[in-house]
Amino acid sequence: MVLIWDVALFESVSATNVVLLFLVYFFAFAVKGAFGLGSLTPTVLFGAWVVEPHHAVLLALVSNAYTQIQFIPDGVRHGDWGLVRRVVPANFAAAALGVWIFGRLDGPVLTLVLGLALGAIIVTDLTRALPALAEQTNLRSPVVVVSLSALAGLTSGVTGAGGLIFLALYLKLACPEPRSFRATIILLAALMVAWRVAVLAMSGFVTPTLLLECAVLLPITLLGGWVGIRLFRWLPREYFYTGLQLVLIAAAVNLVWKGLRDVL
């Protein structure tokens, strides 16, 4: 627990686990600084081991919203606004439904859902199952775009992370130039996170204590993003991401085990 202005932050969390939470956020936002995405999944997966799962999702989302100021200028300048307008409506509607489901899941059940859903997403990405499916599908079809957008919104609404994985195929096709792809990912992530936080706030999940906790985490997340922008870009992307995915799969398996133990 941390006391600031007589307000108890990270209540029932040991000092060691608070330090671990800071390290998780530093690493996760360093990854985002380098590649434009990748902060939400590790902060949710590892955060759920340090704090209650609903708390972990809320911390990840609001912290991500705080840090968009560091990345959004590049997204606004170089992102594909036409593509964003095609993706956002279905995504926003499904995300609102996902937040409603999130609020009705018990802690142990949410832990299990986080492990299963995010683990499945990571395995799908690691095995390149979606590109194989894309060879038999017209990704430019409006029905496909709306379906992918809605699935991404529903997933991220419930779990707080993982939604952009489903849109990556379409984004890679629509934005083959790396700079435009990264900027569009950043722009979409900023809009989607802002919408989910707004829906959560209207549902009563975003409290002054949560906002203060995320403010305490903000220097760590900004430092991680700064380091990522300058250093991580020199890492071999393919090998680094494969290693990161394997670590996240292990975390997801652990969450499934933890959820099953608590449920049973």
K.L.:
Give the minimum heavy-atom separation between G160 and L61, together with the two atoms involved.
P.N.:
O-CD2, 3.8 Å

K.L.:
What do the steps show when you test W81 against L187 for side-chain contact (heavy atoms from CB on, under 4.5 Å), and what is the final call?
P.N.:
CA-CA 9 Å; W81 283 93; L187 182 58; 3.7 Å; yes

K.L.:
Determine the minimum heavy-atom distance between I72 and A190, stating which atoms define it.
P.N.:
CD1-CB, 3.4 Å

K.L.:
Check the pair H55, L210 against side-chain contact (heavy atoms from CB on, under 4.5 Å), reporting the backbone distance first and the verdict last.
P.N.:
CA-CA 8 Å; H55 194 181; L210 176 70; 4.2 Å; yes

K.L.:
According to side-chain contact (heavy atoms from CB on, under 4.5 Å), who are the partners of V44, at least two apart in sequence or on a separate chain?
P.N.:
V57, A60, L114, L118, A161

K.L.:
How long is the span from the CZ atom in F26 to the CG atom in L217, to the nearest 0.5 Å?
P.N.:
13.5 Å

K.L.:
Could you tell me whether a side-chain N or O of W226 sits under 3.5 Å from a main-chain N or O of A30, the two making a donor and an acceptor?
P.N.:
no

K.L.:
Using the rule that Ile, Leu, Val, Met, Phe, Trp and Tyr join whenever any side-chain heavy atoms are under 4.5 Å apart, tell me whether W257 and L105 fall into a single cluster.
P.N.:
yes

K.L.:
Spell out, as yes or no, whether a donor-acceptor pair under 3.5 Å connects the side chain of T184 to the backbone of D80.
P.N.:
yes

K.L.:
Could you tell me the separation between the CG atom of L23 and the CD1 atom of I220, rounded to the nearest 0.5 Å?
P.N.:
8.0 Å

K.L.:
Just jot down the side-chain contact (heavy atoms from CB on, under 4.5 Å) partners of L112, sequence neighbours excluded, or say none.
P.N.:
L116, V256, L260

K.L.:
Looking at L211, is its backbone amide N or carbonyl O close enough to the side chain of Y66 to form a donor-acceptor pair, meaning the two atoms are under 3.5 Å apart?
P.N.:
yes

K.L.:
Identify every side-chain donor-acceptor pair in residues 82-100 under 3.5 Å, counting partners at least two apart or on other chains, and give the distances.
P.N.:
from: R86; atom 1: NE; to: Y170; atom 2: OH; distance (Å): 3.0
from: R86; atom 1: NH2; to: Y170; atom 2: OH; distance (Å): 3.2
from: N91; atom 1: ND2; to: S149; atom 2: O; distance (Å): 3.1

K.L.:
Cluster question for you: counting only ILVMFWY and a side-chain heavy-atom cut-off of under 4.5 Å, with indirect links fine, are I101 and V199 together?
P.N.:
yes

K.L.:
Treat each ILVMFWY residue as a node, draw an edge where side-chain heavy atoms are under 4.5 Å apart, and state whether L151 and V193 are in one component.
P.N.:
yes

K.L.:
Report yes if some heavy atom in the side chain of L222 is under 4.5 Å from a heavy atom in the side chain of P219; otherwise report no.
P.N.:
no

K.L.:
Would you list the pairs meeting side chain to side chain donor-acceptor pair (under 3.5 Å) in which at least one residue belongs to residues 191-206, sequence neighbours left out?
P.N.:
S156-R196

K.L.:
Is it the case that the side chain of T221 and the backbone of L218 share a donor-acceptor pair, with hydrogens and angles ignored and the cut-off at 3.5 Å?
P.N.:
yes

K.L.:
Could you pull out the closest heavy-atom pair between G119 and A252, with the gap in Å?
P.N.:
CA-CB, 3.6 Å

K.L.:
Can you find a pair of side-chain heavy atoms, one from V24 and one from L45, that are under 4.5 Å apart?
P.N.:
no

K.L.:
Residues in ring pair (Phe, Tyr, Trp, His ring centres under 6.0 Å) with F22, at least two apart?
P.N.:
none

K.L.:
Should L59 and Y25 be marked as a side-chain contact (heavy atoms from CB on, under 4.5 Å) after you check the CA-CA gap, both sets of side-chain angles, and the distance that decides it?
P.N.:
CA-CA 10 Å; L59 276 175; Y25 272 67; 3.3 Å; yes

K.L.:
Of all heavy-atom pairs between A56 and G47, which one has the smallest distance, and what is that distance?
P.N.:
CB-C, 3.6 Å

K.L.:
Show your working on side-chain contact (heavy atoms from CB on, under 4.5 Å) between L21 and T43 and close with a plain yes or no.
P.N.:
CA-CA 8 Å; L21 192 66; T43 49; over 6 Å; no

K.L.:
With heavy-atom distances below 4.5 Å as the criterion, would you say the side chains of N64 and F29 are in contact?
P.N.:
yes

K.L.:
State which residues pass ring pair (Phe, Tyr, Trp, His ring centres under 6.0 Å) with H54; sequence neighbours excluded, sorted by chain then number.
P.N.:
F102

